[in-house]
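Computed over heavy atoms, backbone and side chain alike; hydrogens, waters and symmetry mates excluded. Starting from 1, each residue takes its place in the sequence as its number.
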Amino acid sequence: MTEAPSARGAEVGRRIGVGLMYGLWKPRVLGAWRVPATGPAIFAVNHSHNIDGPMVMGVAPRPTHFLIKKEAFVGPLGSFLTGIGQLKVDRETTDRTAIARALGVLEAGGVLGIFPEGTRGEGDFASLRAGLAYFAVRGGAPIVPVAVLGSSETRSRLTKGLPPLRSRVDVVFGDPFEAGDGSGRRTRKALDEATERIQKQLTAHLENARRLTGR
C-alpha cells in the first residue's frame, strides 16, 4: 500500500510558507474566496519562477500537496519536502507511486498542486501535459486556476535566483471548473478533450489576472 502524504505536514508547510512569503515579499492575493472550503481540489499553477510553489503554499487558504520533480528531493531539502507533505515525481517515466499518492490526496479530500506546464518556462500555460486532466477526471476534483505574477519580472541584486526582497508578487485564484464532460470517461480521447478544455480555461484566467493586476 502506498503511504499517503502527511496532511498535518502540509499544514505545517503552509504556516512556514506564510511566514517566509510575507516576511520576504509582499504578496497580494486575489480571489482566495473562490477556493472550495472543503473536498478535493487541484491548484493548476503557472510556473515561471522557483518561488511560485512556495508562494502558493504560503498564501492559499488550504494546505497544498505539490507534485515536485524528484531532482529537488536531495539531502536535507528532500527530507523537509517529504515532511511537509509534498510529493516526489519522476517526470521521465510513468511514476505509479506518485500517481497513487496524488490520487490519495484527492480521495482524502485534500488539495493537490500541479504545474501543468511540467517545467518552469514562460508561465503562460502554452504547453500542457495530460497529467492534470487525468487527475481531475480520475480524482473527480475541480480545478482551481492560479496565476502567479511578478515573480520573474526582475531579479534581486543580492540573490540572482529570487525576485527583489519586499517586491510585490500577485497571486490570483480563479473560479473552480470541472475538466471532464460529466461522463466520467477516462479514454485517451476524453482526456485529450479535457486537456483542451483546461488549456482554454487556464489561458483565459491568466489573461484576466493580468488585466486585474496590470501586469
Before accepting this row, confirm whether a basic side-chain N of the pair Glu11/Arg14 lies closer than 4.0 Å to the acidic partner's carboxylate O.
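Salt bridge between Glu11 and Arg14, a charged N being under 4.0 Å from a carboxylate O: yes.
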Of all heavy-atom pairs between [X] and [Y], which one has the smallest distance, and what is that distance?
| X | Y | result |
| --- | --- | --- |
| Val137 | Ala194 | CG2-CB, 4.3 Å |
| Arg186 | Leu191 | O-CD1, 3.9 Å |
| His65 | Gly85 | ND1-O, 2.6 Å |
| Pro27 | Val59 | CB-CG1, 3.8 Å |
| Gln86 | Thr64 | NE2-O, 3.0 Å |
| Tyr22 | Gly58 | CE1-O, 4.2 Å |

Rounded at 0.5 Å granularity, tell me how far CD1 in Ile16 sits from CE in Met21.
10.5 Å
Can you tell me how far the CZ atom of Arg101 sits from the CG atom of Asp95, to the nearest 0.5 Å?
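Arg101 CZ to Asp95 CG: 10.0 Å, rounded to 0.5 Å.
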Indicate yes or no for a side-chain donor-acceptor contact from [X] to the backbone of [Y] under 3.5 Å, with no hydrogens or angles considered.
| X | Y | result |
| --- | --- | --- |
| Arg62 | Pro36 | yes |
| Trp25 | Leu20 | no |
| Thr203 | Lys200 | no |
| Asn46 | Val148 | yes |

Evaluate the criterion side-chain contact (heavy atoms from CB on, under 4.5 Å) for residue pair Arg166 and Leu24; output intermediate values, then yes/no.
CA-CA 6 Å; Arg166 307 308 297 150; Leu24 296 174; 5.8 Å; no
The side-chain contact (heavy atoms from CB on, under 4.5 Å) partners of Ala204 (sequence neighbours excluded) come to none
Beyond-backbone contact of [X] with [Y], side-chain heavy atoms, under 4.5 angstrom:
| X | Y | result |
| --- | --- | --- |
| Ile68 | Leu81 | yes |
| Tyr134 | Thr195 | no |
| Ile51 | Pro163 | yes |
| Leu67 | Phe115 | no |
| Arg91 | Glu71 | yes |
| Leu106 | Arg138 | no |
| Asp181 | Arg197 | yes |
| Met55 | Val169 | yes |

With clusters defined by side-chain heavy atoms of hydrophobic residues (ILVMFWY) lying less than 4.5 Å apart, directly or transitively, does Val111 cluster with Trp33?
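No.
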Going through the distances and angles, do Glu178 and Ile143 end up as a side-chain contact (heavy atoms from CB on, under 4.5 Å)?
CA-CA 6 Å; Glu178 299 293 335; Ile143 294 173; over 6 Å; no
Go through Lys189 and Glu193 one step at a time and tell me if the salt bridge (charged side-chain N to carboxylate O under 4.0 Å, His left out) criterion holds.
CA-CA 6 Å; Lys189 184 170 185 288; Glu193 288 169 359; 2.7 Å; yes
Could you list the cluster mates of Val172? Members are the ILVMFWY residues connected by side-chain heavy atoms closer than 4.5 Å, either directly or through other members.
Leu30, Leu212
Start with the C-alpha distance between Phe43 and Phe66, add both sets of side-chain angles, then the distance that settles ring-ring contact (aromatic ring centres under 6.0 Å, His included), and finish with yes or no.
CA-CA 9 Å; Phe43 288 160; Phe66 267 99; 7.5 Å; no
How far apart are the C-alpha atoms of Val144 and Arg34, what are their side-chain angles, what is the distance that settles it, and do they pass the side-chain contact (heavy atoms from CB on, under 4.5 Å) test?
CA-CA 8 Å; Val144 179; Arg34 294 188 169 102; 5.6 Å; no
Would you say Arg28 has more than 12 foreign heavy atoms packed within less than 6.0 Å of its CZ?
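Correct, the count exceeds 12.
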For the pair Leu132 and Leu202, evaluate side-chain contact (heavy atoms from CB on, under 4.5 Å) and give the outcome as yes or no after the intermediate values.
CA-CA 12 Å; Leu132 175 55; Leu202 297 187; 4.2 Å; yes
